[in-house]
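We name chains A, B, ... by the order of the sequence lines, and we start the count at 1 in each one. All values reported here derive from a predicted model rather than from experimental measurement.
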Amino acid sequence: MNSEYLCMGIESTAHTFGVSIMDSEGNILSDVKSVYKPPAGSGIHPREASRHHTVTAPDLINEAMEKASISYSDIGIIAYSAGPGIGPCLRVGATVSRALSLRLKKPLIPVNHAIGHIELACLTSGVKDPVNLLVSGGHTMINSFNTGKWRVFGETLDLTIGQLIDQIGRYAGFSSPAGAIMEELARKSKNYLMLPYSVKGNDVSFSGILTSAKKLLDNDNKIEDVSYSLQETAYSMLTEVTERALAFLEKEEVLISGGVAASSRLKEMLDSMCKERGATLNVVPKKYAGDCGAQIAWTGILSYNTGIEISVSDSWVKQSWRLDRVKIKWRK
Amino acid sequence: MEKIIKIGAEATISSTKWFEISAISKIRHKKKYRPIEIDNLIRVQRTIKEANIMNKTRLLKIDVPIIYFVDPNNAEIIMENVDGPRIKEYLSNKNIDCKGIGWKIGHMVGKLHKNNIIHGDLTTSNMIIRKNNNICLIDFGLANQSNKLEDKGVDIKLLKGILNSAHNDVFKIVFDNFLAGYESIMKNSFEQIISIVKQIEMRGRYARVD
């Protein structure tokens with residue numbers, strides 16, 4: 001690729017339908033999204049979420065085009081989130097992208113959503129070779145790039161951190177995602193209630209915290225105290241395993257990516273850990289922490305530059321597509 | 001006199017003297033990021049457990065550093081200074097005996113598991129090769145005692161993950177020989193534990209295990 005081109009990235013793995021226009025230099029011209037909100041107390045319903053995406057897609061695409069002030073003929077490539085995610089949701093994004101690719105006669109690029117989180121976080125924070133903590137509703141993983149792939153150096157053995165927070169949030173009657181409200185409540189308490197702390201090597205397990213926190217709520221403990229204790233315990237575990245990976249890999253940069261990167265308490269803990277070790281902490285900007293089109297657009301550009309594209313007839317979505325399966329040709 | 005050798009993830013390792021012998025001191029310092037309730041519990045419990053399980057492991061004739069002194073209140077252990085490269089460094093050299101090293105690790109972990117000791121942090125940075133080619137196992141901070149196959153499976157899954165992620169070029173040969181060494185000790189329960197390792201890997205997010 002010699003000259004600059006534009007990429008439209010379409011994100012549709014779970015609750016968010018997002019569209020972004022980026023140029024091949026890494027400038028984000030527009031990034032718009034709509035998030036499906038389930039009723040209070042319940043989680044994402046795949047059918048309802050995909051319906052939300054179908055209904056909002058046309059307007060969001062137009063809005064992204066208008067905000068970037070470009071016309072359809074300016075678009076060079078179309079990137080879509082091909083997995084991992086919820087099947088019906090993935091298929092909406094893929095269908096929209098295939099239609100655009102055929103209509104505009106432009107290359108179609110499948111993108112791994114998790115790689116998207118990491119690469120956009122690297123771009124926006126300027127970090128080069130980080131130990132990455134990917135924390136969201138779908139992932140809780142520690143990654144570092146090594147011999148051609150984003151390798152997994154630690155992960156959850158059961159629930160993700162986002163699931164843990166959302167499930168306790170829903171149990172307390174809030175709607176998902178419940179991270180913001182839980183953090184707000186946690187700030188009002190300093191009363192630590194004991195919860196199971198489970199670190200296994202570089203891995204964590206959250207299922208014990210979920211059971212115990214539910215019991216604490218059943219026994220009429222204040223939601224503020226439970227939120228505080230849950231957050232302190234779970235984030236301490238995440239900070240510890242990140243430090244373990246950092247010490248093992250002997251690296252000096254930490255990156256937080258994914259939706260839970262928006263948590264200020266998690267940032268505070270990791271920052272304290274990094275300062276004591278003399279490492280630097282980099283965080284994806286709040287705006288690009290959650291699922292968004294830009295993560296797909298940017299990774300689409302990196303992929304296309306290294307020869308990845310797919311014909312519409314061969315294109316696919318995969319609900320299970322682990323990030324350490326993806327060959328990364330753009331990093332050394 | 002005391003000189004910091006390494007700042008690990010949870011402890012600081014310094015060189016020191018125990019009477020006239022050269023030794024190392026491992027101190028788990030307070031971590032500011034976590035609440036004091038969690039911090040105290042982790043530092044004291046892990047120090048006691050580490051010393052306790054290291055002694056038990058030593059009785060199995062597995063090579064671990066000799067413990068000289070334990071101070072739970074200060075979360076400190078003074079122990080033998082083991083000299084040599086870690087497996088992590090060894091595996092990044094050329095022309096090495098991947099087969100032999102894999103088998104030895106497997107044999108060692110087999111002996112641990114057969115006696116219901118779970119190391120809890122089987123990474124390649126926690127094994128030191130001595131001058132006599134023995135592998136010395138260190139860092140028992142996350143160790144515990146359990147006869148559950150699940151716990152043994154988690155131990156192996158961790159080592160497999162580290163070999164695959166950090167030593168991908170020699171992963172297959174080292175891990176295949178690890179399994180052979182492990183099987184030589186575990187015999188009848190080997191197949192069962194390996195199938196549990198697969199189950200644990202499948203619980204990983206979006207995992208497909210070959």
Heavy-atom pairs under 4.5 Å with chain B, option from [options] with the top count:
options                      : value
A:Glu250, A:Met194, A:Lys318 : A:Glu250
A:Ser272, A:Gly83, A:Gly138  : A:Gly138
A:Lys275, A:Glu268, A:Arg277 : A:Arg277
A:Asp158, A:Thr160, A:Asp324 : A:Thr160

- Apply side-chain contact (heavy atoms from CB on, under 4.5 Å) to A:Glu276 and B:Tyr33, showing your working. CA-CA 10 Å; A:Glu276 281 183 33; B:Tyr33 66 79; 5.9 Å; no
- Task: Heavy-atom distances under 4.5 Å only: say whether A:Asp271 touches chain B with side chain, backbone, both or neither.
- Result: neither
- Item | Under 4.5 Å from any heavy atom of chain B - which part of A:Val241 | neither
- Task: Hey, can you tell me if A:Phe248 and B:His167 have their rings parallel, tilted or perpendicular (30° and 60° cut-offs)?
- Result: perpendicular
Donor-acceptor pair, distance only, cut-off 3.5 Å: does the side chain of [X] make one with the backbone of [Y]?
X        : Y        : result
A:Tyr197 : B:Leu41  : no
B:Arg205 : A:Thr140 : no
A:Arg244 : B:Glu10  : no
B:Ser165 : A:Arg151 : no

- Query: For A:Asp203 and B:Lys157, what are the C-alpha separation, side-chain angles and deciding distance, and is it a side-chain contact (heavy atoms from CB on, under 4.5 Å)?
  - Reply: CA-CA 10 Å; A:Asp203 296 333; B:Lys157 184 249 169 199; 3.0 Å; yes
- With rounding to the nearest 0.5 Å, note down the distance linking CG in A:Leu246 to CD1 in B:Ile7. 11.5 Å
- Note on the structure: dist A:Asn191:CG -> B:Glu37:CD (nearest 0.5 Å) comes out at 8.5 Å
Would you say [X] has more than 12 foreign heavy atoms packed within less than 6.0 Å of its [atom1]?
X        : atom1 : result
A:Lys222 : NZ    : no
B:Leu59  : CG    : yes
A:Lys251 : NZ    : yes

- Stepwise, does the side-chain contact (heavy atoms from CB on, under 4.5 Å) test hold for A:Thr147 with B:Asp169? CA-CA 8 Å; A:Thr147 52; B:Asp169 43 345; 5.8 Å; no
Would you mind checking which part of [X] comes under 4.5 Å of any heavy atom in chain A, side chain (CB onward), backbone (N, CA, C, O), both or neither?
X        : answer
B:Ile200 : side chain
B:Ile42  : side chain
B:Ile118 : neither

- Using a strict cut-off of less than 4.0 Å between a Lys/Arg side-chain nitrogen and an Asp/Glu carboxylate oxygen, indicate whether A:Lys200 and B:Asp121 qualify as a salt bridge. no
- Could you name the residues of residues 230-238 of chain A that have a heavy atom within less than 4.5 Å of a heavy atom in chain B? A:Glu232, A:Thr233, A:Ser236
- Task: For B:Gly204 and A:Glu155, work out which heavy atoms get closest and say how close.
- Result: CA-OE1, 3.7 Å
- Note on the structure: B:Tyr206 and A:Arg322 have their tightest heavy-atom pair at O-CB, 3.3 Å
- Please lay out, stage by stage, how B:Asn168 and A:Asn146 fare under the test side-chain contact (heavy atoms from CB on, under 4.5 Å). CA-CA 9 Å; B:Asn168 193 257; A:Asn146 183 16; 5.7 Å; no
- Message: If we define contacts as heavy-atom pairs under 4.5 Å, which of B:Arg34, B:Lys6, B:Lys31, B:Arg46 has the most with chain A?
- Response: B:Arg46
- Message: Report, in residue-number order, which members of residues 74-92 of chain B are under 4.5 Å from chain A by heavy-atom distance.
- Response: B:Arg86, B:Lys88
